[in-house]
Amino acid sequence: MNQTTRLASGALEARVRRDLEFLNLPPRNWVPPRARQGEAVLDVVVVGAGMNGIAAAGALIHRGISNIAVLEAREPGREGPWMTTARMDTLRSPKTLPGPCLGIPSLTFRAWHEDRFGPEAWEALYKIPNAMWQDYLSWLQRVLELPVRHGVRVTDVAPEEGLLRVTAETPQGPRTLLARHVVLATGRAGAGGLVWPAFVPQELVPDLAIQACEPLDFAPLMGKSLAVIGAGASAWDNAATALERGAASATLYVRAKSLPQINKGRGSTGPHYFHGWDALTPEQRWELMGYMLDVRSPPPHETVHRALRLKGFSIVFGAPTLGARREGAQVVLSLGGETPREVAHDYLVVATGYRVDLDHVPELARFAPHARRFGDVIPDAATRPDLAAFPFLGTGFELLPRGAGAPSELGRIHLMNHGAIASLGAISSDIPGVMVAGDRVAQSILRALMRAEWPAIREALQAFDEPELESTPFYVPRGMEPK
Ligand SMILES: Cc1cc2nc3c(=O)[nH]c(=O)nc-3n(C[C@H](O)[C@H](O)[C@H](O)COP(=O)(O)OP(=O)(O)OC[C@H]3O[C@@H](n4cnc5c(N)ncnc54)[C@H](O)[C@@H]3O)c2cc1C
């Protein structure tokens with residue numbers, strides 16, 4: 001039986017219910033409901049129902065903040081890259097990572113896998129197939145009863161007298177919501193979109209070229225020759241996928257003379273990096289992030305072996321692409337390096353990754369000019385414009401103001417995606433840190449709501465009158481206290 005289609009035994013869901021019961025989770029909602037001119041105000045809108053959106057929403061609900069909505073552009077089961085643009089066979093990370101489990105053992109990936117396929121299958125599992133990871137995330141959404149609204153794409157977040165007005169495209173047309181806080185858990189592309197190199201004309205898209213992280217129908221590439229610019233994991237995955245689906249050849253053109261050898265990302269995980277990154281000074285974080293960008297990561301060895309097994313695969317090192325042009329039905333690349341030349345291919349995949357720059361986040365267009373970047377904090381940052389563009393966030397992922405003219409609502413926006421990496425480490429980028437990020441953002445929002453609601457909460461305490469001693473001889477009814 002296909003591992004991803006086997007049904008759950010039901011035992012795990014009973015265990016989840018029991019675990020939550022043992023922990024008294026979730027607590028009742030404690031945030032007083034608010035409305036403005038008759039319109040209900042949500043305490044939090046989480047944008048994106050991928051693993052970070054799940055972690056944020058789950059952690060909020062487990063802190064008694066349940067007047068929330070999770071808005072997801074895609075349909076159920078298609079969140080994130082796993083079923084669309086992730087073209088590897090399995091996840092790159094180890095199977096033992098707990099996932100966005102909110103610290104509860106029965107919500108871990110391993111618990112889910114053992115329940116579905118048995119402990120022997122867990123032992124036999126090497127790495128997690130993409131579709132299986134997606135199934136697990138969909139299961140989490142369901143058992144945590146997260147209030148996800150699918151098919152809802154957020155297009156704008158605007159300040160509105162101390163609140164945030166969220167505009168979204170929905171199946172019923174445009175709608176707006178009022179929220180106190182917005183968490184943008186919008187994934188890798190959510191912090192600035194994709195990188196497209198200036199030397200490749202945009203007019204080649206889509207009939208002759210595409211960015212590696214875009215959806216691509218490989219069927220028309222059958223029997224054709226593919227060029228890929230780049231040597232990161234996605235470059236290899238795209239080449240391998242094309243060959244597996246019948247392409248005649250796939251060639252990677254790489255500027256460097258060899259591949260990076262060490263995955264420093266793996267070397268910079270663990271509690272100290274996840275919880276301690278923002279204990280470092282801005283200068284230390286700048287140096288560390290610059291180092292991580294410079295050393296680059298190698299593709300996983302499994303990815304390399306997958307491509308090398310396929311007939312028609314080749315890689316050319318020391319061959320920077322200087323330009324590209326259309327010639328008939330083909331794309332011609334001008335290569336530099338020691339042997340400059342031109343090469344013609346039937347199709348081009350540009351594997352140049354993701355950008356981090358708030359000026360390219362459409363939902364944040366109103367706030368981006370006012371949001372602090374590393375370039376505002378580090379002297380001489382102009383020497384590294386790529387790093388200078390990274391947002392400089394507060395510890396709860398909140399945007400910080402650049403100057404006095406920033407809207408006061410700015411800090412109600414929490415950028416819980418890859419854009420947070422330079423400020424807070426890789427806690428909302430990859431799977432190893434996902435639990436830390438969910439907890440962090442929920443804790444920060446809890447503290448903000450506690451401050452905002454303190455008068456009402458204090459008043460509620462004054463009115464709290466549950467008589468503890470009613471059943472004892474020492475009970476004194478209210479108003480009958482001895483003078
Ligand atoms: C190809 C690929 C492979 C990866 N492999 C690994 C790996 O093996 N191990 C690892 O640790 N990490 C991996 N990562 C990194 C990381 O784990 C993933 O990017 C992961 O998907 C991040 O989760 P997320 O919730 O932040 O974003 P996503 O999973 O991308 O979810 C974001 C969601 O937000 C939605 N969204 C975006 N904008 C809007 C909007 N305006 N309105 C409404 N909804 C919106 C999207 O539809 C999407 O479903 C990989 C990343 C990629 C791209």
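In listed order, ligands and their atoms are each counted from 1.
If you number the atoms of ligand 1 from 1 as listed, the ones under 4.0 Å from a heavy atom of Ala185 come out as 32 (C), 33 (C), 34 (O). Those atoms of ligand 1 with a heavy atom of Tyr354 less than 4.0 angstrom away are 53 (C). Residue contact check: Gly50 has heavy atoms under 4.0 Å from atoms 25 (O), 29 (O), 31 (O) of ligand 1. The atoms of ligand 1 that sit less than 4.0 Å from any heavy atom of Leu91 are 8 (O). Heavy-atom contacts of Glu79 reach the following atoms of ligand 1: 49 (O) (cutoff under 4.0 Å). Less than 4.0 angstrom separates some heavy atom of Val152 from each of these atoms of ligand 1: 42 (N), 43 (C). Residue Arg74 has at least one heavy-atom neighbour below 4.0 Å for each of these atoms of ligand 1: 47 (O). Listed by number with element, the atoms of ligand 1 under 4.0 Å from a non-hydrogen atom of Leu71 are 43 (C), 44 (N).
Interatomic distance, CZ of Phe367 versus CG of Leu415, reported as 12.5 Å (0.5 Å rounding). Note that the NE2 atom of His275 and the OG1 atom of Thr395 stand 13.5 Å from one another [nearest 0.5 Å]. Atom CG of residue Leu310 and atom CG of residue Leu308 lie 8.5 Å apart, to the nearest 0.5 angstrom. With values rounded to the nearest 0.5 angstrom, Leu164 atom CG is found 11.0 Å from Arg366 atom CZ.
Taking a 4.0 Å cut-off on heavy atoms, Pro432 registers as neighbouring ligand 1. Residue contacts with ligand 1 leave out Asn417, since none of its heavy atoms falls under 4.0 Å from the ligand.
A salt bridge is defined here as a Lys NZ or Arg NE, NH1 or NH2 lying under 4.0 Å from an Asp or Glu carboxylate O, and Glu409 with Arg165 fails to meet this definition. Using a 4.0 Å cut-off between charged side-chain N and carboxylate O, Arg355 and Asp357 make no salt bridge. Residues Asp439 and Arg63 are paired through a salt bridge, judged by an N-O separation under 4.0 Å between the basic side chain and the carboxylate. With respect to Asp294 and Arg384, a salt bridge is recorded, a charged nitrogen being found less than 4.0 Å from a carboxylate O. Checked for salt-bridge contact, Arg110 and Glu114 meet the test: a charged N lies under 4.0 Å from a carboxylate O. Taking 4.0 Å as the cut-off between side-chain N and carboxylate O, Asp278 and Arg285 do not count as a salt-bridged pair. Note on Glu244 versus Arg306: salt bridge recorded, some NZ/NE/NH1/NH2 to OD/OE distance being below 4.0 Å. The pair Lys127-Glu302 meets the salt-bridge criterion, with a side-chain N (NZ, NE, NH1 or NH2) lying under 4.0 Å from an Asp/Glu carboxylate O.
What sits closest to atom 39 (C) of ligand 1 on the protein, heavy atoms only, is Thr186 CG2, 3.8 Å. For atom 2 (C) of ligand 1, the closest non-hydrogen atom on the protein side is Arg92 NH1, 3.9 Å. Nearest protein neighbour of atom 21 (O) of ligand 1, counting heavy atoms only, is Pro81 CD, 3.2 Å. With respect to atom 23 (O) of ligand 1, the closest heavy atom belonging to the protein is Met51 CG, 3.4 Å. Residue, atom and distance of the protein heavy atom nearest to atom 20 (C) of ligand 1 are Trp82 CZ2, 3.6 Å. Regarding atom 9 (N) of ligand 1, its nearest protein heavy-atom neighbour is Ser93 OG, 2.8 Å. Taking atom 12 (N) of ligand 1 as the reference point, the nearest protein heavy-atom neighbour is Asp430 OD1, 3.6 Å. Remark: minimum distance from atom 26 (O) of ligand 1 to any protein heavy atom is reached at Asn52 ND2, 2.8 Å.
Closest heavy-atom approach to atom 41 (N) of ligand 1 within the set Thr84, Val361, Val154: this belongs to Val154.
For ligand 1, the polar-atom distance check against Gly80 finds a nitrogen or oxygen pair separated by under 3.5 Å. For the pair Thr85 and ligand 1, the shortest N or O to N or O distance does not fall below 3.5 Å. Of the N or O atoms in Ala86, none lie within a sub-3.5 Å distance of an N or O in ligand 1.
Under 4.0 angstrom from ligand 1, the non-hydrogen atoms of Ser429 all belong to its backbone. At a 4.0 Å heavy-atom cut-off, ligand 1 touches Met88 through the side chain alone. Under 4.0 angstrom from ligand 1, the non-hydrogen atoms of Glu363 all belong to its side chain.
Between Phe374 and Phe392, the two ring planes are perpendicular [angle over 60°; tilted spans 30° to 60°].
Across all their heavy atoms, Leu42 and Asn67 have their closest contact at CD2-OD1, 3.3 Å.
Inter-residue side-chain proximity for Trp133 and Leu91 is flagged as met; some heavy-atom pair is nearer than 4.5 Å.
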